[in-house]
Visitor: 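Following this message is one structure expressed as structure tokens.
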Amino acid sequence: MNTELKVTSNLHGLARRLIADGIIEERAAEAAYAESTRKNKTLLAWLIKTNAAGSDLLAAAAADEYGIPLIDIRAFDLSQAPLSLVSETLIEKHQVLPLHLRGNQLFIGMKDPTDHEVIDEIAFSSGFHVEPILVSADQVGPAIDRALEATSPVFDDFDEEEGLVDVEFQKEAEAQSLDELGTDPAVDDTPVVRFINKVLLDAIRKGASDIHFEPYETRYRIRYRLDGVLKNIAGPPIQMARRLASRLKVMAGLDIAEKRVPQDGRIKLNLSRKKSIDFRVSTCPTLYGEKIVLRILDSAATKLGVEQLGFDKVQEEKFNIAVRKPYGMLLATGPTGSGKTVSLYTALQLLNNEGRNISTVEDPVEIRVQGINQVQQNTKQGMTFARALRAFLRQDPDVIMVGEIRDLETAEIAIKAAQTGHLVLSTLHTNDASQSMTRLMNMGVPGYNITSAINLVIAQRLVRILHTCKKRLELPPEALLQAGFQREELEDLRLYQPKGCGECNEGYRGRTGIFEVMPITDAIAHIILQEGSALAIAEQARQEGILDLRQSALQKVADGVTDLIEINRVTKD
């Protein structure tokens, strides 16, 4: 880059170029150089670590300064990469990627080609002369994941019986040994093992969120929850009930001899080197045996961008503003299974960096995230939401998430935290945003505490998305007006309905959120302080242009995302 900026410091090399090119300020460059020297790191590595500038700008400047080629690895054919020449341990440890072998020269993609210790270690390990190739820091990690995933044994063919027994399970809880289980046929029952492995893997492939194993008097039923709706997928003989339950309990580390009380456990299924899925296991004794439900916990679901949750542009802006505030409370409300956890974890992912101390208390901890201190509520041992919150406040927190506000004690501590310089995220079980305010008042929280602590309330539901096979739907204007559309919208309105094909679930594929995003404005705060009703709060929100759940759902229908039958299923007509 050409620039006229004058460099007055004594810095040289990359630091001087970055200043001259206007990428970072002179004072910041001096501080980075001093800190990298103190920590015995290269300047480039320190700048990448501290996000001092955009990774693309840093990579371009480093390529110019050191005369090292820079590539866009997203356009590189990773299937041809000689991964076997460098151990997977070194690849992941140093975030490097073998790209090409020419004679005795091994070309390595790396974000910091000035780290000669890494280059020497790879050269020693591989036996080749290493030539570094610059890759932007934000491209290296995803490229490594793609390359290693391509060489991993993922179970693509779920109809094949061979190999399913060898699926690797890691039990989170401490299970009994096979010797201690004696001669129980459920432990070493190969057909049962194969059948359950196939059910689990097929559920992952189809995108199910839950698996239900249900014994009845004369039959046994297995159902998947697909896009929020339960669907029968198998009916093994009722004689298999005990063996299926025992196998699942062994995998989850539960007591197979205990059939009279509910138990909770966890299974971790390793699909490949880089991909694993957790199952939360819950057993419950019924009249005819133990019903077992597995909740499929895919951490990738919590790594969605805000734009993928389903907000419209105005709602997304309000959400981002609330998340970036240094203190206050963000409440998500809705019934079980409405996507509240994903919304809150999306906010936590935006906040999760080395500069923040984030702590959560949940019941249960569904998704485990690196960099976040997660606490499991355990009422029997005295670890309640309120007790965990008190402990958090003594541990210098920046962000706190409470799984659910269930009582006055938890509400008071959470609100106090929000008022004293902490960002607090939590959930309530109410039908809409306005009812959340009256629910807190009914708990005994004073109105002035609610208005001073809460920044934003989100009510949400999940609706199924129409698959691309959808077909047009014609309805009379009277029916559309009755559904909630305005007369001026009817002229350009194009409605669709599910059709169904071999690639979808009865015409639907996936789910998206519908939201009511309500900031606590001055007018709404005034109603709360006057102990106004939920109806008064909702009316004021409507006057301020805040879409309620029904209006948000109708917007999704008008956009062709979903259909009227689906939104009638999850919202009041």
Side-chain angles (χ1 to χ4, degrees), residues 153-173 175-226 229-259 262-272 275-298 505:
V154 182
F155 299 94
D156 293 324
D157 189 354
F158 295 100
D159 293 327
E160 289 291 334
E161 290 291 324
E162 289 300 321
L164 289 178
V165 177
D166 299 325
V167 176
E168 181 182 353
F169 291 96
Q170 295 179 349
K171 291 185 280 291
E172 296 284 335
Q176 295 167 280
S177 70
L178 298 186
D179 292 337
E180 293 172 328
L181 294 173
T183 58
D184 192 319
V187 175
D188 191 22
D189 192 337
T190 299
V192 169
V193 170
R194 288 184 182 275
F195 177 76
I196 287 180
N197 289 352
K198 187 177 188 302
V199 168
L200 301 189
L201 293 168
D202 197 44
I204 295 168
R205 180 178 65 82
K206 291 183 176 179
S209 61
D210 302 85
I211 312 172
H212 292 240
F213 294 83
E214 302 169 309
Y216 295 95
E217 184 174 11
T218 59
R219 68 189 182 104
Y220 195 92
R221 180 171 66 175
I222 299 177
R223 294 188 289 175
Y224 290 162
R225 187 173 292 278
L226 297 166
V229 178
L230 283 169
K231 183 178 180 181
N232 282 347
I233 60 100
I238 186 62
Q239 292 80 6
M240 289 182 65
R242 183 181 63 83
R243 293 154 65 188
L244 290 171
S246 295
R247 172 60 183 167
L248 288 167
K249 289 163 74 175
V250 166
M251 292 164 64
L254 302 179
D255 183 357
I256 67 169
E258 180 56 76
K259 299 178 176 65
Q263 297 186 66
D264 294 296
R266 202 174 182 102
I267 300 169
K268 184 172 185 178
L269 167 59
N270 292 326
L271 290 177
S272 67
K275 177 73 171 176
S276 64
I277 300 287
D278 284 351
F279 296 83
R280 193 185 79 209
V281 182
S282 173
T283 75
C284 183
T286 70
L287 286 175
Y288 304 108
E290 289 180 284
K291 172 172 179 175
I292 300 179
V293 177
L294 275 62
R295 167 66 57 88
I296 302 174
L297 308 173
D298 186 356
N505 298 317

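Every value quoted in this text rests on a predicted model; they were computed, and no experiment measured them.
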Visitor: Given side chains that start at C-beta, do those of V281 and R266 come closer than 4.5 Å, heavy atoms only?
Guide: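 SC-SC contact between V281 and R266 ruled out.
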Visitor: Please answer whether the main-chain N or O of V199 pairs with a side-chain N or O of Y224 as donor and acceptor at a distance below 3.5 Å.
Guide: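 Looks like yes, one N/O pair under 3.5 Å.
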Visitor: Should P262 and P285 count as side-chain neighbours, where that means a heavy-atom distance under 4.5 Å?
Guide: yes
Visitor: Looking only at heavy atoms, which two atoms of K291 and T286 are closest? And how far apart?
Guide: CB-CG2, 3.9 Å
Visitor: Taking Q263 for the side chain and D255 for the main chain, is one N or O donor matched with an acceptor at less than 3.5 Å?
Guide: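 Side chain of Q263 to backbone of D255: a pair is present.
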Visitor: Given side chains that start at C-beta, do those of I296 and S209 come closer than 4.5 Å, heavy atoms only?
Guide: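 No, too far: nothing below the 4.5 Å cut-off.
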Visitor: Give, for atom NZ of K198 and atom CZ of R205, the distance between the pair rounded to the nearest 0.5 Å.
Guide: 7.5 Å
Visitor: To the nearest 0.5 Å, what is the distance between CZ (F279) and CD1 (I204)?
Guide: 4.0 Å
Visitor: Of the non-hydrogen atoms in I238 and R219, which two are nearest, and what is the gap between them?
Guide: CD1-O, 3.3 Å
Visitor: Taking all atoms of both residues into account, what is the closest heavy-atom pair of I267 and L248, and its distance?
Guide: CD1-O, 4.2 Å
Visitor: Within this structure, what is the CZ-CD1 distance for the pair R225 and I211, rounded to the nearest 0.5 Å?
Guide: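 Spacing of CZ (R225) from CD1 (I211) equals 12.5 Å.
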Visitor: Applying side chain to side chain donor-acceptor pair (under 3.5 Å), name anything that partners R280, two or more places apart in sequence or on another chain.
Guide: E366
Visitor: Would L269 and L201 satisfy side chain to side chain contact (heavy atoms under 4.5 Å, CB included), going step by step from the backbone distance to the final call?
Guide: CA-CA 9 Å; L269 167 59; L201 293 168; 3.9 Å; yes
Visitor: Between D278 and K268, is the salt bridge (Lys or Arg N to Asp or Glu O under 4.0 Å) condition met? List the steps.
Guide: CA-CA 4 Å; D278 284 351; K268 184 172 185 178; 5.2 Å; no
Visitor: Answer yes when R221 and E214 have at least one side-chain N-carboxylate O distance shorter than 4.0 Å, and no when they do not.
Guide: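 Salt bridge flag = yes for E214 with R221.
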Visitor: Looking only at non-hydrogen atoms, find the nearest pair between I292 and T283 and report the distance.
Guide: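 The pair with the smallest heavy-atom distance is CG1-CG2, 3.9 Å.
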Visitor: Measure the spacing between CD1 of I256 and OG of S246 and express it to the nearest 0.5 Å.
Guide: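 Between I256 CD1 and S246 OG, I get 5.0 Å after rounding to 0.5 Å.
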Visitor: Before giving the answer on side chain to side chain contact (heavy atoms under 4.5 Å, CB included), spell out for I222 and F195 the whole-Å C-alpha distance, their side-chain angles and the decisive distance to 0.1 Å.
Guide: CA-CA 12 Å; I222 299 177; F195 177 76; 3.6 Å; yes
Visitor: Where do Y288 and P215 come nearest, in terms of heavy atoms and distance?
Guide: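 For Y288 versus P215, the nearest heavy atoms are O-CB, 3.6 Å.
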Visitor: Hey, does the side chain of K249 reach the backbone of E258 with a donor-acceptor pair shorter than 3.5 angstrom?
Guide: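 Such a contact is found between K249 side chain and E258 backbone.
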Visitor: Heavy atoms, side chains only, cut-off 4.5 Å: are R194 and P191 in contact?
Guide: no
Visitor: Applying side chain to side chain contact (heavy atoms under 4.5 Å, CB included) to L294 and F213, what does each step give before you reach the verdict?
Guide: CA-CA 8 Å; L294 275 62; F213 294 83; 4.1 Å; yes
Visitor: Distance from L226 atom CG to K231 atom NZ, nearest 0.5 Å?
Guide: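 So the CG of L226 and the NZ of K231 are separated by 6.5 Å.
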Visitor: Would you compute the distance between atom CZ of R223 and atom CG of L230 and round it to the nearest 0.5 angstrom?
Guide: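 So the gap between those two atoms works out to 4.5 Å.
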